[in-house]
2 protein chains.
Amino acid sequence: MLKLTKKVDYALLALNLMARNEEGGISNVRDIAALYSIPPEILAKVMQKLSKSGLIQSHNAPKGGYSLKVPAEEISVLKVLVAVEGPVGIVSCSDGTDRTCQQRDQCDIRSPLERLQNNILWFLEALSIRELGQEPAVLKGVTDGSSLFGQPLHHKG
Amino acid sequence: MLKLTKKVDYALLALNLMARNEEGGISNVRDIAALYSIPPEILAKVMQKLSKSGLIQSHNAPKGGYSLKVPAEEISVLKVLVAVEGPVGIVSCSDGTDRTCQQRDQCDIRSPLERLQNNILWFLEALSIRELGQEPAVLKGVTDGSSLFGQPLHHKG
DNA sequence: GTAATGACAGACCAAAATGGTCTGCGATAA
DNA sequence: TTATCGCAGACCATTTTGGTCTGTCATTAC
Ligand code: SF4
Ligand code: SF4
């Protein structure tokens, strides 16, 4: 729950790579998949979605592949997320998938939750794939999160 | 993806109700379930988890039920989330569920993603169930997102 | 012209997560 | 002593997810 899917993970890895290869450079699915040990077929699907949503440009030919269609700075994590998985909503009532929530009539927490959601979306929008490949210091926002809430937030190494 | 589960939704509804009934008040599963049209059995399970994690107090007896164990202000959405669904992580590598990520060796986006995750967790921690039932204006934290970045976030000092 | 490359498309499947049900036991106050 | 209400866990159906397989279309290097 609250987890990014593997497909999004793949998309971010690929886009980060392409961002480093700089605009104009062309990468093909097979190479990227091999580099990151991603199943080629599934990465292909992901790339197609990114292409359809206009984030990357396809070159359908031998020696072809994909290249960034817009500058890396303008490709936010949120855009990638939406491109690959569709509309995002932390509560089902807010992204159109579940307009038949049984609790809706009595629900008195919808408004604050939507606000929370907007904040989260804002974070996702504020992080671009350009920043993905850069050092932590460059990132805007907060904290190193060490021992934030008693959970295993990360394992260095 | 990135969606709260129904169980969490149920937990938040119940806790919000109990918060309004004020500390000390006792609510039982059957009543809450009826009020919100929640399957009683599943709400029961949810409440048990909340109880085990110390957020609410159970009164096992006729006329019994549950009451808040700590002030509503101190029950964050994140705590509820962890109580009901376990550790939270937006990337599988960061919550212990997937320590065998095939991409890990070549992964160059882990650090920024963990940072993003910490920001999100921070928001979840900053929102208490007390605020859930209140008007938007009362919400702490940044609400319109206009000045979200470029400054350290300080909520709930 | 044609063959090799690489994108495009979609059916298909297995595993996991999720949402929900059922059954029985244990505590306690009326 | 019994009705109420929490405790516990097995169990199941549906959905989501991750992944596979099969084949077609566009381009260009040769
Ligand atoms: S319970 Fe409220 S917040 Fe949750 S999905 Fe239903 S309407 Fe939305
Ligand atoms: S690809 Fe990187 S960020 Fe994603 S799960 Fe694996 S290690 Fe974590």
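When heavy atoms are screened at a 4.0 angstrom cut-off, B:K49 is found touching no nucleic acid atom at all.
For the atom pair CG (A:L132) and CG (A:L127), the distance works out to 5.0 Å, reported to the nearest 0.5 Å.
Each of B:A44 and A:I42 has a nearest nucleotide on DNA chain D; the 5'-most of these lies closest to B:A44. If A:M1 and A:V29 are placed on DNA chain C by their nearest nucleotide, the residue sitting closer to the 5' end is A:V29. Between A:L2 and A:Q48, the residue anchored nearer the 5' end of DNA chain C, judged by the nucleotide with its closest heavy atom, is A:Q48.
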**Under 4.0 Å protein heavy-atom contacts per nucleotide of nucleotides 21-30 of chain D, with B for base, S for backbone only and - for none** = -----BBB--
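In this structure, B:E74 does not pair ionically with B:K79, as no charged nitrogen and carboxylate oxygen lie closer than 4.0 Å.
Of the possible polar contacts, none joining the B:Q106 side chain to the A:Y36 backbone as a donor-acceptor pair under 3.5 Å is found. Remark: side-chain polar atoms of A:E131 are paired, donor with acceptor, to backbone N or O of A:S128 under 3.5 angstrom.
Residues passing the salt bridge (Lys or Arg N to Asp or Glu O under 4.0 Å) test with B:R20, sequence neighbours excluded: A:D108.
Sequence neighbours left out, the pairs with a member in residues 41-60 of chain B that pass side-chain hydrogen bond (donor to acceptor under 3.5 Å, both in side chains) are B:H59-B:S67.
In the set D:dG19, C:dC8, C:dG19, C:dG19 carries the atom at the smallest distance from any side-chain atom of B:K6. Of the listed nucleotides (D:dC5, C:dA7, D:dG6), D:dC5 has the atom at the smallest distance from the side chain of B:R30. Comparing D:dC7, C:dA9, C:dG19 against the side chain of B:Y66 picks out D:dC7 as the nearest.
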